[in-house]
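Each remark here refers to the structure printed beneath this line.
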Amino acid sequence: MECEEHTMEYKGYKIQDHQSSGGGKLIRVYDVRDFNPVHIFECGQCFRWYREHDGSYTGVAKGKVANIFYDAYDYCSEHNDGHGSDKGGTLYIRNADMEDFKNVWYDYLDLGRNYGDIKEALMRKDDIMKKAVEFGYGIRLLRQDFWETLISFIISANNRIPMIMKVVASISESFGKKILINEKAYHTFPDVENLASASIEQLAVCRAGFRCKYIDITSKMVEEGCLKPSELYLVNTDEAREMLKQLPGVGDKVADCTLLYSGIKYDVFPTDVWVKRVMEELYFHREATLKEIQKFAANYFGELAGFAQQYLFYYARENKIGAK
DNA sequence: CCACAGGACGGCT
DNA sequence: AGCCGTCCTGTG
């Protein structure tokens, strides 16, 4: 089998591109900091990544399939140096070439952002954030496809993560494009037109329940141009949230998740039951309304609210903070 | 069989 | 504006 390797530099990262004639493609990215696949793929922001036996994750995003593995340089010692940054490691992206890395994965994995600085700023806030950041030290906010994120979080309403994953997988199998890799089939998330042309009966097969009608109407509204994703970048966060809330099935929480996880706005604080519990238990020391929590987060975390929320959510859910 | 988990929405105050 | 019943599909 012929193998070809190239080493190059891209936006400050040293990359090795490994292509074999057998069809195996691999990208190695050196010195990637603040990266832990478990934290990234299991912190509730995405629904299409599955853990393999070797600890890597396989998923479909932006029309591409990849397997992601991370090898930390100093696995056993402390994960951070007390200043919010870690020692880094090597990121392996299988089934990707240099073009895929430049066009999809660099951006999707938010590799252009210095999470060390964000973690340091949040840890300086208080001991609660220090603990939350130390716990989820390898979290990154994925910059996901807007449309997939919107529909995924409409499905997330009053629903649990394993169920959301099943419904999104089912919608992709029914309406997305098939990709064959080593004779195994993967499916992309359908684009707006494909979902808009589906009937409610076809959607019902995907087990989305009462959310089927929201998906149906939202698809048709977006197809007709009632909401143009590009316009969300041009307005402030409150206006963007109100625009999204015009779509059925989209309230404050779904709107904020969509804005945050597709990388459009970062000064949001999506407040689900877990975030509400952790805020009540650790910050308010009493019951608090959603409004109070939103106001507090906006003032206290400001531009970093979205990142703070993600560390707090992962910390709360993994440790069952505030659970009955 | 029942209790419970999880946000949006609409009707009521 | 705030409160609360209802919506669906699971699992324990």
Side-chain angles (χ1 to χ4, degrees), chain A residues 42-48 50 144 146-175 195 198-222 226-227 232 237-262 265 268-281 284 286-298 305-306 309-310 312-324:
Chain A
E42 301 196 20
C43 71
Q45 64 178 324
C46 56
F47 304 106
R48 297 218 67 198
Y50 293 87
Q144 302 178 70
F146 169 80
W147 172 244
E148 175 175 340
T149 308
L150 173 63
I151 296 299
S152 297
F153 280 91
I154 285 176
I155 294 163
S156 82
N158 213 20
N159 214 344
R160 289 146 134 182
I161 291 173
M163 192 61 201
I164 304 163
M165 292 177 77
K166 279 182 195 166
V167 176
V168 175
S170 178
I171 286 180
S172 302
E173 278 163 35
S174 300
F175 309 107
L195 214 45
S199 65
I200 295 218
E201 292 74 24
Q202 286 178 294
L203 284 169
V205 177
C206 302
R207 321 302 295 163
F210 63 86
R211 308 160 195 87
C212 283
K213 58 183 178 292
Y214 300 148
I215 298 170
D216 182 55
I217 299 170
T218 290
S219 299
K220 289 169 172 72
M221 284 176 71
V222 174
C226 295
L227 179 111
L232 297 170
T237 299
D238 288 335
E239 290 170 318
R241 183 186 296 114
E242 291 312 309
M243 284 166 70
L244 281 167
K245 283 168 70 177
Q246 298 307 304
L247 302 168
V250 182
D252 287 314
K253 201 268 182 178
V254 171
D256 285 357
C257 284
T258 304
L259 291 169
L260 183 59
Y261 302 137
S262 55
K265 302 289 180 190
V268 292
F269 197 76
T271 308
D272 72 334
V273 289
W274 287 103
V275 174
K276 185 167 185 289
R277 284 174 193 154
V278 72
M279 293 304 287
E280 288 175 335
E281 180 132 336
F284 285 81
R286 61 170 171 82
E287 292 200 335
T289 65
L290 287 174
K291 244 194 153 96
E292 282 181 301
I293 293 170
Q294 293 288 305
K295 197 176 169 189
F296 172 83
Q309 181 271 359
Q310 208 56 37
L312 286 167
F313 172 83
Y314 186 65
Y315 180 61
R317 200 165 65 93
E318 296 296 312
N319 296 293
K320 307 251 180 285
I321 290 178
K324 278 162 269 178

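Just so it is clear, the values below take in all heavy atoms, side chains as well, and ignore hydrogens, waters and symmetry mates.
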Does anything in residues 158-171 of chain A come within less than 4.0 Å of DNA chain C? Heavy atoms only, and list the residues if so.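 The answer is A:Asn158, A:Arg160, A:Met163.
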For the atom pair CG (A:Leu244) and CG (A:Leu150), what is the distance rounded to the nearest 0.5 Å?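 Here the interatomic distance stands at 6.5 Å.
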Atom [atom1] of [X] to atom [atom2] of [N]: distance rounded to whole Å?
| X | N | atom1 | atom2 | answer |
| --- | --- | --- | --- | --- |
| A:Ile155 | B:dA5 | CD1 | C1' | 18 Å |
| A:Leu290 | C:dA1 | CG | C1' | 14 Å |
| A:Ile154 | C:dC7 | CD1 | C1' | 15 Å |
| A:Leu244 | B:dG7 | CG | P | 17 Å |
| A:Phe269 | B:dG7 | CZ | C1' | 17 Å |
| A:Arg241 | B:dG7 | CZ | C1' | 15 Å |

Spell out protein contact along nucleotides 8-13 of chain B as letters: B when the base is contacted, S when just the sugar-phosphate is, - when no protein heavy atom is under 4.0 Å; keep the 5' to 3' order. SS----
Is the ring centre of A:Phe47 less than 6.0 Å from the ring centre of A:Tyr261?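 Centroid distance A:Phe47-A:Tyr261: not below 6.0 Å, so no.
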Checking A:Arg48 against A:Ser152 for the side-chain hydrogen bond (donor to acceptor under 3.5 Å, both in side chains) test, could you report, in this order, the C-alpha distance in whole Å, the side-chain angles of both residues, the deciding distance, and whether it holds? CA-CA 10 Å; A:Arg48 297 218 67 198; A:Ser152 297; over 6 Å; no
Donor-acceptor under 3.5 Å ([X] side chain, [Y] main chain):
| X | Y | result |
| --- | --- | --- |
| A:Glu280 | A:Ala288 | yes |
| A:Asn319 | A:Ile321 | no |
| A:Gln144 | A:Gln45 | yes |

Hey, can you pull the residues of residues 201-212 of chain A with a non-hydrogen atom under 4.0 angstrom from DNA chain B?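 By residue number: A:Phe210, A:Arg211.
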Just checking A:Lys245: does its NZ atom have more than 12 heavy atoms from other residues, nucleotides or ligands closer to it than 6.0 angstrom?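 Yes.
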To the nearest 10°, let me know how far the axis at one end of the helix from B:dC2-C:dG12 to B:dT13-C:dA1 is tilted from the axis at the other, five pairs an end.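 Result, rounded to 10 degrees: 40°.
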With a 3.5 Å cut-off and no angle check, do the side chains of A:Arg211 and A:Ser156 form a donor-acceptor pair?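 A:Ser156 and A:Arg211 do not have a side-chain donor-acceptor pair below 3.5 Å.
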Ignoring hydrogens and geometry beyond distance, is a side-chain donor-acceptor pair present between A:Thr271 and A:Gln294 at under 3.5 Å?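 There is such a pair between these side chains.
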Between A:Trp274 and B:dA5, is there a side-chain N or O to OP1/OP2 distance below 4.0 Å?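 Looking at the OP1 and OP2 atoms of B:dA5, neither is under 4.0 Å from any side-chain N or O of A:Trp274.
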Would you call A:Asp256 and A:Arg241 a salt bridge, using N to O less than 4.0 angstrom?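 Here A:Asp256 pairs with A:Arg241 in a salt bridge, since their nearest N and O are under 4.0 Å apart.
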Strictly below 4.0 Å, N to O, side chains only: are A:Glu292 and A:Arg286 in salt-bridge contact?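 Here A:Glu292 pairs with A:Arg286 in a salt bridge, since their nearest N and O are under 4.0 Å apart.
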Residues in side-chain hydrogen bond (donor to acceptor under 3.5 Å, both in side chains) contact with A:Lys166, at least two apart in sequence or another chain: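 Expected list: none.
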Those residues that, when tested against A:Asp216, pass side-chain hydrogen bond (donor to acceptor under 3.5 Å, both in side chains) (two or more places apart):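 Listed in chain order: A:Lys220.
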